[in-house]
Novice: 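Right, I'll just put the structure down here and ask away after.
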4 protein chains.
Amino acid sequence: MANAAAKTQIRGPSRPKGQETAARVREAALKRFAASGYAAVSMREIAADVGVRPGALYNHFLTKQDILKDLMLSHMADLLEAWDSCDLGSDMDPLERFVRFHIRYHLEKADEVFISYMELRNLEPENFDVVEAERRRYEAILTEILLEGAAAGRYAVAEPKVATRAIIAMLTGIPSWYRAGGRLSKQDIEELYLELARKAVAPDAPPSLTGDRMT
Amino acid sequence: MANAAAKTQIRGPSRPKGQETAARVREAALKRFAASGYAAVSMREIAADVGVRPGALYNHFLTKQDILKDLMLSHMADLLEAWDSCDLGSDMDPLERFVRFHIRYHLEKADEVFISYMELRNLEPENFDVVEAERRRYEAILTEILLEGAAAGRYAVAEPKVATRAIIAMLTGIPSWYRAGGRLSKQDIEELYLELARKAVAPDAPPSLTGDRMT
Amino acid sequence: MANAAAKTQIRGPSRPKGQETAARVREAALKRFAASGYAAVSMREIAADVGVRPGALYNHFLTKQDILKDLMLSHMADLLEAWDSCDLGSDMDPLERFVRFHIRYHLEKADEVFISYMELRNLEPENFDVVEAERRRYEAILTEILLEGAAAGRYAVAEPKVATRAIIAMLTGIPSWYRAGGRLSKQDIEELYLELARKAVAPDAPPSLTGDRMT
Amino acid sequence: MANAAAKTQIRGPSRPKGQETAARVREAALKRFAASGYAAVSMREIAADVGVRPGALYNHFLTKQDILKDLMLSHMADLLEAWDSCDLGSDMDPLERFVRFHIRYHLEKADEVFISYMELRNLEPENFDVVEAERRRYEAILTEILLEGAAAGRYAVAEPKVATRAIIAMLTGIPSWYRAGGRLSKQDIEELYLELARKAVAPDAPPSLTGDRMT
DNA sequence: AATGAATGAGCATTCATTCAT
DNA sequence: CATGAATGAATGCTCATTCAT
């Protein structure tokens, strides 16, 4: 967790009120931004959600932009940290591991993911650059997996960077249509997308009948 | 062309001034909405781009919402119409045809495509429903292709609807990173994504012949 | 008159409403700024005085600062113009002419004068510089009078610039205590200050009894 | 020293911390008020200058208005007290003594003097009345000097109260343009203004002897 | 078809001040 | 004495929209 909220307990619970409020602001803003978009959300609405007067928000965030920045930066940090401490079996095929991790994380943190894509253009350039750098770091993880796998002959990818973007776009689209309680469970979706991704980069299927593939 | 403008073109160039203005409004709004988002764009900005006072916009569109609706509805109509009159060889494999069409169209109409994804939530429910219906019609085209291809044994897709969304998400992500003049040409990209899509739904290497693979 | 209001009649009374409103805004702002100070006056108050909603003010002035700038710049321009077209007998002693003009003008335009002194620090640097330049031009008029008079032996001034500031400060103080209907009429005040100013720069009184002054 | 701080100094340095803070608040407020005007200065700014949080100011002053009142009342008291204990030779001509005292005091306490003129209108009526009374007391000093001098034939003043205001306005204008290190030293200015003031109220050259002037 | 002026609601933000800790 | 958090009101300004001209 890279949330600013994490700093709460430094000096014990001496002044927990403000930290709680800040956390509730983050929470309310996240939902509102995801639902209506940054520009369409007013500080008044966030304040009302939190149960506080608008002016009080400024005890916790300098500006509205600062709330967005906080949400997006901590989301990216959380994502990378979550991958680093991903507890999916390390014996699993790396692509499978990445796909399963990505789907699970993106379904769990749908709002964070959504605004991190939708609100990029509302970030001030400096913050935009930070988020972009983190995004590239995340993509690099998959690119590296593809490169290594290709070198080992497990995958066939002409352009690992392109394949990276293609797979990530494919997976990231899931939360936009997945609805809990639908026909397909998260498990089902995970398996289906895993197969699509795996096949997309699979070594070329032997021209059907050529048994000479043991090279 | 499904642009509202087209609908009144019937009587020749009798009233070219207003039509022209309306077209310039559409053009300006399209660029602004794509760049900053519907909520962040003001009628004043659009008017300034067009070279007209804000009030004049209301001679051409009832409301700001109406401009968005016009752009999104006509985009969806244009997209479906473009598919219907797609001139890619009808002897081409249907999936290949769809992929090539989709990539070309989405790279050519990047702004329209972008806002049709980003601004869905800013559409009033009624307009939203129309756009959604069109989108489903478009997706149904690919789903149908996959179903038919699967029936013919050309593709293997466990869940054609899921595969549809996966492929479309994959392809639609292209304009977000493609830059003209980059290392890869549109042609290159088309081939790369075509291969990814094709393999993703390729029939599993016939189990009979894969016993010699490193299971 | 250098007031923007003067531009009103360019194209006949075709759109007189806006010009009238702008004039009323200037008038209301002038009184409020003089009474309470620029920083303490709200756009809402001005709008209420004018009988208009706050937003309407922005059809006539870009910002609150712009109103202040308009008032101060046009005051300085008016002042210099008034001096140029001053109809006090040109046969009058120049100092007398300046003193009478200054007192009359400053008693007539008390509010404008007041804010032009009090609100200098609330002007943005660029506008401040303009006003300061005008003020120096105005002071230069008196300095020139003193210099010429001294050269002609009519006045004795060791430092014309210092004497200028001294006299102007003395005269400009009048509106801060003068109240119409008081014991002294404007006429009285004019004569009294004229005498003080005249004597202040009078050639040194001959050490009382030395009749040798005909040099 | 008439500072409110002085009034609680009775028990020695028993509580130096609070006294120090109050003094620093006064100091910071003085500079800010002089630079930007009372209305344009926020308690937050003062607090920041002092190195304290806004709420802490209220341990030393009841309100923002109270700080202004404190500064202005103590300035007027200090001014009168300084005159009373003025150490300029008592054999000096009283007008000269007043002029020299006034210039020196006003150049030394430029900020205090400045706000005591500029912020009068921001004083609540009660405090305003007190300051006005003190100001009249101060002016009365010069009026008395002129009256006595006139009675003794040393000066000629038709209206001592008018002359008082004229001279004080003249002298008080100095700090608005004087800059240390300029061409004229404080000494120079003192002499120049002294001469102007002296001559302004000088007895008319005895009419009997002025027949030879260029009437 | 376009303008200039207006509206009424809303915006992000700041303010002086309070008060429990 | 100082703090951090809050309030309630206000601030300058922008907005989509209307409408007489």
Side-chain angles (χ1 to χ4, degrees), chain A residues 14-22 39-47 50-67, chain B residues 15 17-22 39-47 50-67, chain C residues 14-22 39-47 50-67, chain D residues 15 17-22 39-47 50-67:
Chain A
S14 64
R15 290 225 189 234
K17 193 127 144 269
Q19 301 293 358
E20 253 181 67
T21 302
V41 173
S42 75
M43 292 297 264
R44 283 160 168 81
E45 289 168 324
I46 296 172
V50 173
V52 114
R53 304 283 170 169
L57 300 179
Y58 293 85
N59 287 325
H60 307 283
F61 296 89
L62 290 175
T63 60
K64 185 185 170 188
Q65 169 75 206
D66 241 53
I67 304 180
Chain B
R15 295 211 187 178
K17 184 104 155 289
Q19 300 299 350
E20 245 182 76
T21 302
V41 172
S42 75
M43 293 296 266
R44 280 161 168 79
E45 288 169 317
I46 297 171
V50 172
V52 113
R53 303 283 171 171
L57 299 180
Y58 293 84
N59 287 323
H60 305 282
F61 295 89
L62 289 174
T63 62
K64 183 182 169 192
Q65 170 74 208
D66 243 52
I67 304 181
Chain C
S14 63
R15 290 225 189 231
K17 192 129 145 270
Q19 300 292 357
E20 252 180 66
T21 303
V41 173
S42 75
M43 293 298 265
R44 280 160 171 81
E45 288 168 325
I46 297 172
V50 173
V52 113
R53 306 283 171 169
L57 299 179
Y58 294 86
N59 286 325
H60 307 283
F61 297 88
L62 290 174
T63 59
K64 184 185 171 190
Q65 169 77 204
D66 242 52
I67 304 181
Chain D
R15 295 213 186 175
K17 185 102 156 290
Q19 300 298 349
E20 246 183 74
T21 302
V41 173
S42 74
M43 293 295 265
R44 282 162 166 79
E45 288 169 318
I46 297 171
V50 172
V52 113
R53 304 284 171 168
L57 300 179
Y58 293 84
N59 288 321
H60 306 282
F61 296 88
L62 290 174
T63 62
K64 185 183 169 190
Q65 169 73 208
D66 242 52
I67 304 180

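Throughout, protein chains are lettered first and strands after them, A, B, ... in sequence-line order, and every chain is numbered starting at 1.
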Novice: Within the structure, does a side-chain N or O atom of R53(C) lie under 4.0 Å from either OP1 or OP2 of dA6(E)?
Specialist: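 Answer is no, no contact under 4.0 Å.
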
Novice: When the distance from CG of L57(B) to C1' of dG4(E) is rounded to whole Å, what number comes out?
Specialist: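 Rounded to the whole Å, the gap is 14 Å.
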
Novice: Without decimals, in angstroms, what is the distance between Q19(A) CD and dG4(F) C1'?
Specialist: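 Taking CD of Q19(A) and C1' of dG4(F), I get 11 Å after rounding.
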
Novice: Quick one, give me the B/S/- string for nucleotides 11-17 of chain E, reading 5' to 3', where B means a protein heavy atom under 4.0 Å from the base and S means that only happens at the primed atoms, P, OP1 or OP2.
Specialist: BBBBBBB

Novice: What's the separation between atom CD1 in I46(C) and atom NZ in K64(C), rounded to the nearest 0.5 Å?
Specialist: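 Answer for the CD1-NZ pair, I46(C) versus K64(C), is 7.0 Å.
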
Novice: Round to a whole Å and report the spacing from CD of E20(A) to C1' of dG4(F).
Specialist: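 It is 14 Å, rounded to the nearest whole Å.
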
Novice: Using only side-chain N and O atoms of H60(B), determine if any of them is under 4.0 Å from OP1 or OP2 of dA2(E).
Specialist: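 Yes, such a contact exists.
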
Novice: Once rounded to the nearest 0.5 Å, what's the spacing between atom CZ of R44(D) and atom CZ of R53(D)?
Specialist: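 The distance works out to 11.0 Å.
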
Novice: Out of dT7(F), dA2(F), dA2(E), which nucleotide sits closest to the side chain of V52(D)?
Specialist: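 Nearest to the side-chain atoms of V52(D), counting from C-beta on, is dA2(F).
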
Novice: For dA6(E), does either OP1 or OP2 sit under 4.0 Å from a side-chain N or O belonging to T21(C)?
Specialist: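 It does, given that an N or O in the side chain of T21(C) lies less than 4.0 Å from OP1 or OP2 of dA6(E).
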
Novice: Could you pull out the closest heavy-atom pair between M43(C) and I67(C), with the gap in Å?
Specialist: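 Here M43(C) and I67(C) meet closest at CE-CD1, 4.0 Å.
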
Novice: Determine the minimum heavy-atom distance between A39(C) and A39(D), stating which atoms define it.
Specialist: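 Closest approach of A39(C) to A39(D), heavy atoms only: CB-CB, 3.8 Å.
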
Novice: Taking five pairs at each end, how big is the angle between the two axes of the helix from dA2(E)-dT21(F) to dT21(E)-dA2(F), to 10°?
Specialist: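 Computed from the C1' atoms at both ends, the axes differ by 0°.
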
Novice: Which pair of non-hydrogen atoms, one from A40(D) and one from E45(D), has the smallest distance, and what is that distance?
Specialist: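 In this case the closest contact between A40(D) and E45(D) is O-OE1, 3.7 Å.
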
Novice: Pick the nucleotide of DNA chain E nearest each of N59(B) and N59(C); which residue has the one closer to the 5' end?
Specialist: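 First, find each residue's nearest nucleotide; the 5'-ward one identifies N59(B).
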
